[in-house]
Amino acid sequence: MSAAVVQSESHAVELQSLRVRYNDTEVLRGVGFFVQPGEIVSLLGPSGCGKTTTLRSIAGFVTPDSGEVLLDGRDVTEAPVHRRGIGMVFQSYALFPHLSVFDNVAYGLRMRKVPREEMERRVTEALALVKLEEFAHRRPKQLSGGQQQRVAMARALVIRPKVLLLDEPLSNLDAKLRQEMQVELRRLLKATGAASVFVTHDQQEAMVLSDRIILMNAGEIVQEGTPEEIYREPRSLFAAAFVGQANFLYGKVVAVLGGGLVRISVDGHLLEGFACGELASGDAAAMVVKHECVSPVCEGKQGLDANTLGCTFEMANFTGASVQLHCTAAGQPFVCLTNAAQHCGPIGAGTELFLQWEKSDSLVFPATPH
Ligand code: ADP
């Protein structure tokens, strides 16, 4: 194991140009990022993009073909799992069914031969942190999914790791509990002060839990930033499509205007938005507009600096807080998420209506001709 200290002000985790190949396929293609102490970073991306392989490289289950893994400035690329002092929480919880909650949590301390008194104190503290003191003597199967997840958290936290890795930790929970646990988990992770890296394919979960999101695609990092940056300023069509729910209007650039604006023609309709990337007249382009930025034009309420587009209404889906209006606009599907539908009165299928959205909410990316 190389223990070279490579820098004085170290990141808790630093990956440098990791490359991992399975058989003939390169599944990590130069992945590099860092995580500060106390920071929660999520690896987000579609299935198969390399999130778990990245996490397993930090843990030591995967040895990269090239690149380096540094923990607190120490090169651990070749170090075995048990020498890295990392806490881990898996999707399956991986609890020992025959051990009590207390003994599950105590396991890592017993392995490290921590004296009995200290062990008991630390397990009790860890169980208090996840609010499970009263369940110490139960077996895992006598607990709900959410409680088992918290036992897994306590077991990871009890060793006081500086780095905590979580692989889809909430994916086995039902939707409501999952949402509750997202908030709870963030509170817990912040309380520990550990650098946390977690893997998820769920963009909403990544947004709620993380300080920073690392968006991956096909073995590479395509964008990283705060949840708000990733949501509001996607740098590619991929990022725009993966984070949030958006409409895509495919057309051609007809004019490059001042102030970063471009005018595009979509099936003969002229729309304006902000150019994201190099665009010239004649280029194929896609305008991206988030569903919630679109509203139906009700009489006298048209925005001053808005794009408007006639559409054919197809159906409305009531989702509770809002209504999704599914339409066809310029021959392409178009969705508007609104609670304003009631102000326009009931709409029947086939009704022609106008939709509007601000130019400032319109991002235009280079696209392949559609
Ligand atoms: P994610 O976590 O983003 O779903 P993974 O890191 O699990 O992605 O996998 C990345 C790619 O590597 C996938 O194409 C997957 O099939 C492949 N892969 C993962 N583990 C192995 C393995 N042990 N052997 C061969 N291919 C693997």
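Counting convention: from 1, in listed order, for ligands and their atoms alike. Here the structure is a predicted model, which is why all the values come from computation and not from measurement.
- Residues Arg121 and Glu117 are not paired through a salt bridge, judged by the lack of any N-O separation under 4.0 Å between the basic side chain and the carboxylate.
- Using a 4.0 Å heavy-atom criterion, the residues that approach ligand 1 are Tyr22, Val27, Pro46, Ser47, Gly48, Cys49, Gly50, Lys51, Thr52, Thr53.
- Taking the six-membered ring where the residue is Trp, Phe334 and Trp357 present tilted rings, their angle falling between 30° and 60°.
- Counting only residues at least two apart or on different chains, the ring-ring contact (aromatic ring centres under 6.0 Å, His included) pairs with a member in residues 224-252 are Phe238-Phe242, Tyr250-His370.
- Between Arg56 and Asp167 there is no salt bridge, since no side-chain N of the basic residue sits under 4.0 Å from a carboxylate O of the acidic one.
- Using a cut-off of 4.0 Å between Lys/Arg side-chain N and Asp/Glu carboxylate O, Glu205 and Arg178 are scored as salt-bridged.
- Remark: Glu125 engages Arg160 in a salt bridge, criterion side-chain N to carboxylate O under 4.0 Å.
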